[in-house]
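Scroll down for the structure; my scribbles are underneath it.
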2 protein chains.
Amino acid sequence: MTTPKFAQIKQFIVDNIRSGAWLENQRVPSENELTEQFSVSRMTARRALSELTEAGILTRSQGLGTFVASFKSQSSLLEIKNIADEVKARNGNYSCTVLVLESINAVAPIAIALGVEVNSVVYRSVLVHNENELPLQVEERFVNPALASNYLQQDFTALTPHEYLSSVAPLTEARHTVEAVMPNSEMCQWLNLYHEEPCLQVIRRTWSSAGIVSFARLVSPGSKYRLGGHLTFKNNKK
Amino acid sequence: MTTPKFAQIKQFIVDNIRSGAWLENQRVPSENELTEQFSVSRMTARRALSELTEAGILTRSQGLGTFVASFKSQSSLLEIKNIADEVKARNGNYSCTVLVLESINAVAPIAIALGVEVNSVVYRSVLVHNENELPLQVEERFVNPALASNYLQQDFTALTPHEYLSSVAPLTEARHTVEAVMPNSEMCQWLNLYHEEPCLQVIRRTWSSAGIVSFARLVSPGSKYRLGGHLTFKNNKK
DNA sequence: CAACCCATCTTGTATATACAAGCTTATTAT
DNA sequence: ATAATAAGCTTGTATATACAAGATGGGTTG
């Protein structure tokens, strides 16, 4: 009896859904019914229902009741993890090589992506993230100098650009797109590819309250890297 | 004063973080302090802190206090949406063509992915999802017949396989991987590609409480399709 | 000086109560 | 018959209170 009451109620509800006893869009017991069944206060029953609603497992509507959420409306999520953490998690030897660290004049597409004037000075870095000394991902990044003036002085073999930028400009937003592309010859050289192969390319733009901080392009060979995602009914055990 | 008190407190906290006034890992006011500042009960202040914690913006620990969550530990998320919904969302004309609908004997890789005996009978479907009559994605799916016996009798131009399977076997889990691949000649034909180009391939396996339901391969040309993701500090306005 | 205990802060769980607001159904009045 | 009303359910917001449990700092005791 060491597990909290609200957690027991959550477990009860999740079990009924997992087993198929309660189907999609079916009504689940109301707060008052749970209050009776479990001999708890309404606030405790309410907490179980609220937290499962927050988790996307139930939907509630005032005056009507609480229902099992429909699965088809749920979109699945993929994680983009820090690549250094990912390599370390599978006991690989992570290292990083800095290929380029410079300030350049922004051509139009870069300037637009960073929200700065065309031809104004921006910082550019190109790093290679290695697993066991073999290239796994190339990170090309353009940085708004107004928001990270000391960017070029950093040692990115110790602290990743993303970690450094997070500490300098508190991030408020990030957007990603993932696509499949063919690498150009320069990219093939960086990735040490003997013959062309399709690559996963992640474009990431990050914002702080003061504006767009940076614009990164992460390219990995399709044969070596994939994104993973996992969607499950949460067990919510403490 | 129509917005609830707990929402006002959440807004106050989020604003302080967004503006940079409260930095990573910095302590935020305790429940009792918020209770005084906003003249609310402790339970209301607590609700604001709890919900922001659930959203990943704060972290709490008993006895210590509540702190601004660190950004670097957050991994970014990408959504895999239903392709029919996505096409409709941008006012495209969605249609679907059924190329194959058959039962086959599972070769080893398929049997393993579905968790059935090698050479046992499984269902297979190949659909093409079109936007404005042009192929956007090929969906090749293998289905465990024990969990969806009427699969071959369905009309998938009306109801997607995922929707049908969700209604027959309540889903409990899904796993995805995304990678970049080159299509083979058969796939090129299905996708109406004149010259080879890299494709995004999503592999999705779905579980119900009774076991693995299906195994799907979703292939889209890199020039026409990309996955998007958006990560932001939630505003939590009701 | 070091070890222990305690007061006091924090968050976590739980209850009882009150009223507001959305939805359905049955009743009443036109 | 139709329309308005009221009753009775639902969830939503808010308060006051109580005790439990983790963390910290200070003071007493050995």
Contact state string [nucleotides 14-22 of chain D, B base, S sugar-phosphate only, - no protein heavy atom under 4.0 Å]: BBBBB-BBB
Test of ring centre spacing under 6.0 Å for B/Y151 and B/F156: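 Ring centroids of B/Y151 and B/F156 are less than 6.0 Å from each other.
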Could you give the [atom1]-to-[atom2] distance, from [X] to [N], as a whole number of Å?
| X | N | atom1 | atom2 | answer |
| --- | --- | --- | --- | --- |
| A/R27 | D/dT10 | CZ | C1' | 7 Å |
| B/E33 | C/dC9 | CD | C1' | 10 Å |
| B/L49 | C/dT10 | CG | P | 12 Å |
| B/R46 | C/dT10 | CZ | P | 13 Å |
| A/E31 | C/dA21 | CD | C1' | 14 Å |
| B/F38 | D/dT13 | CZ | P | 17 Å |

If we ignore angles and hydrogens, is there a donor and acceptor under 3.5 Å between the side chains of A/Q11 and A/D15?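 Judged by distance alone, the side chains do pair up.
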Under 4.0 Å between a side-chain N/O of B/S61 and OP1 or OP2 of C/dT11, yes or no?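 So the side-chain polar atoms of B/S61 never come under 4.0 Å of the phosphate oxygens OP1 or OP2 of C/dT11.
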Do any side-chain nitrogens or oxygens of A/N32 fall under 4.0 Å of OP1 or OP2 in D/dC9?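 False: A/N32 side-chain N/O out of range (4.0 Å or more) of D/dC9 OP1/OP2.
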Taking only residues two or more places apart in sequence or in another chain, which ones pass side-chain hydrogen bond (donor to acceptor under 3.5 Å, both in side chains) with A/T59?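 Scan of A/T59 (side-chain hydrogen bond (donor to acceptor under 3.5 Å, both in side chains), adjacent residues dropped) gives none.
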Between B/R46, B/E31, B/R27, B/R60, which is the residue that forms a side chain to side chain donor-acceptor pair (under 3.5 Å) with B/T66?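 For B/T66, the side chain to side chain donor-acceptor pair (under 3.5 Å) test succeeds with only one of B/R46, B/E31, B/R27, B/R60, which is B/R60.
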Among B/E140, B/R141, B/Q154, whose side-chain contact (heavy atoms from CB on, under 4.5 Å) with B/S125 holds?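 Per the side-chain contact (heavy atoms from CB on, under 4.5 Å) rule, the option paired with B/S125 is B/R141, out of B/E140, B/R141, B/Q154.
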All ring pair (Phe, Tyr, Trp, His ring centres under 6.0 Å) counterparts of A/F67, not counting sequence neighbours: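 For A/F67, no residue satisfies ring pair (Phe, Tyr, Trp, His ring centres under 6.0 Å) once neighbours in sequence are set aside.
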